[in-house]
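I have placed the structure first, in the form of C-alpha cells, so that the comments after it can refer back to it.
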Amino acid sequence: MPMNVILLERVPKLGQMGDVVKVKPGFARNFLLPQRKALRATKDNITYFESQRHTLEAQNLDRRKDAEAVAGKMADLKVALIRQASEALQLYGSVTSRDIADGAAAQGVKIERGQVELDKPIKSLGTHKIKVHLHPEVAVEISVLVARSLDEAEFLAKGGALVAEHERAALEAAEAARRASEQAAALFEAKSDEAKSDEAKSEEATPAAEDEAAAGEAPAEAEEAPTEEK
C-alpha cells in the first residue's frame, strides 16, 4: 500500500519541497526518510513543516549556492580509471558509481556514490559522460575516461576515440578500397585524355593530307588545258 510523505527538498521525478506525494513504502523507509528528504505526511509532520518552511527554504538556498560554486569547479573534471579489457573494448568487469566517486576523490574532488547518476555499470572502454547531482537542483556532467593505460586515458582526454580491432581492420580495408578506386579512376581519366589527344592530332593531320592531294592534282588539270585549245 502506498505511503504518503511530505518532501523536505526537491526529489527528481517525484516533486518539489513541500509536496505531499505517494510512494512505495520500501522507497520511503530505505531512502527518503533516512536521508531526511521527506517525512511521513501525518498531521503533526505537516504542521511542523509549515512552521519550518522558511528556515528549510533558506537552508536549501544556501546549499544550492554552495553546490553551484562546486559545479563550476567540476565542469571540466575528467576521471581516469584504468581497467583491463578485450580487443573488442569490453571490460573484464565493470565500473560502478563507487569507482567513479573513488576516482574523483583521488583527484581531490569529494563526491558521494549516491550523487553519481549511473543507471547501469559501465562495461566498455572509452569516454563516458556522467551526471553528478551536487544538490537536488544542481547537477554537473563529468567525463569518466575508462582506459587500459595512462597513455590511452590521455588520448581520450584529448578527444580521441578508441576503436575495436575488428572495426580497425574494417576501416583499414575500406580505406584501401577507397584509395584503389581513386587510383583506378585517375588511370582511366589519364587514358581517356590520351585517347582524346591522339584523336585531335589525327583530325589535324587529315586536312593537311587533303591539301597535299589537292596540290598534286592541280598540274594535271593545267596540262589538259592546251589540248582542248587545239
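The two residues A28 and V23 have their closest heavy-atom pair at CB-CG2, 3.8 Å. Of all heavy-atom pairs between L91 and S94, the closest is CD1-CA, 4.2 Å. Summarising the geometry of L89 relative to A164, their closest heavy-atom pair is CD1-N, 3.7 Å, with the distance given to 0.1 Å. Listed here is the closest heavy atom pair of L118 and S97: CD2-N, 3.6 Å.
Going from atom CZ of R63 over to atom CD of Q59 covers 6.0 Å, rounded to the nearest 0.5 Å. To the nearest 0.5 Å, the span separating CD1 on I142 from NZ on K131 amounts to 13.0 Å. The distance from atom CZ of R98 to atom CD1 of I100, rounded to the nearest 0.5 Å, is 12.5 Å. Rounding to the nearest 0.5 Å gives a distance of 14.5 Å between CD1 of I130 and CD of Q115. To the nearest 0.5 Å, atom CG of residue L145 and atom CZ of residue F155 are 11.5 Å apart. Interatomic distance, NE2 of H135 versus CG of D62, reported as 9.5 Å (0.5 Å rounding).
In terms of hydrophobic clustering, with Ile, Leu, Val, Met, Phe, Trp and Tyr side chains grouped at heavy-atom distances under 4.5 Å, I111 and I122 are assigned to a common cluster.
Partners of F27 according to the ring-ring contact (aromatic ring centres under 6.0 Å, His included) rule, which considers only residues two or more places apart in sequence or in another chain, are F31.
Here salt bridge (charged side-chain N to carboxylate O under 4.0 Å, His left out) pairs that include residues 100-125, with residues two or more places apart or in two chains, number zero. Sorted by first and then second residue, the salt bridge (charged side-chain N to carboxylate O under 4.0 Å, His left out) pairs with a member in residues 8-31 read E9-K37; sequence neighbours excluded. Residues in residues 42-57 take part in these salt bridge (charged side-chain N to carboxylate O under 4.0 Å, His left out) pairs, two or more places apart or across chains: E50-R53, R53-E57.
Looking at D99, its side chain does come within 3.5 Å of a backbone N or O of T96 through a donor-acceptor pair. In this structure, the side chain of N4 does not engage the main chain of A41 through any donor-acceptor pair within 3.5 Å. When atom types are taken as modelled, the side chain of E152 and the backbone of R148 share a donor-acceptor pair closer than 3.5 angstrom.
When each of V138, V140, V109 is paired with V132, the side-chain contact (heavy atoms from CB on, under 4.5 Å) condition holds for V140 and for no other.
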Exercise for review: Test side-chain contact (heavy atoms from CB on, under 4.5 Å) on S143 and K129 and set out the steps.
Suggested key: CA-CA 5 Å; S143 297; K129 298 294 185 180; 2.7 Å; yes

Under 3.5 Å donor-acceptor pairs involving side-chain atoms of residues 64-84, not counting sequence neighbours:
residue : atom : partner : partner atom : Å
R64     : NH1  : E137    : OE1          : 2.8

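In the hydrophobic clustering, where aliphatic and aromatic side chains (Ile, Leu, Val, Met, Phe, Trp, Tyr) are joined below 4.5 Å either directly or transitively, L39 groups with I6, L8, M17, V20, I46, Y48, F49, L56.
V11 places none of its side-chain heavy atoms less than 4.5 Å from the side chain of V21.
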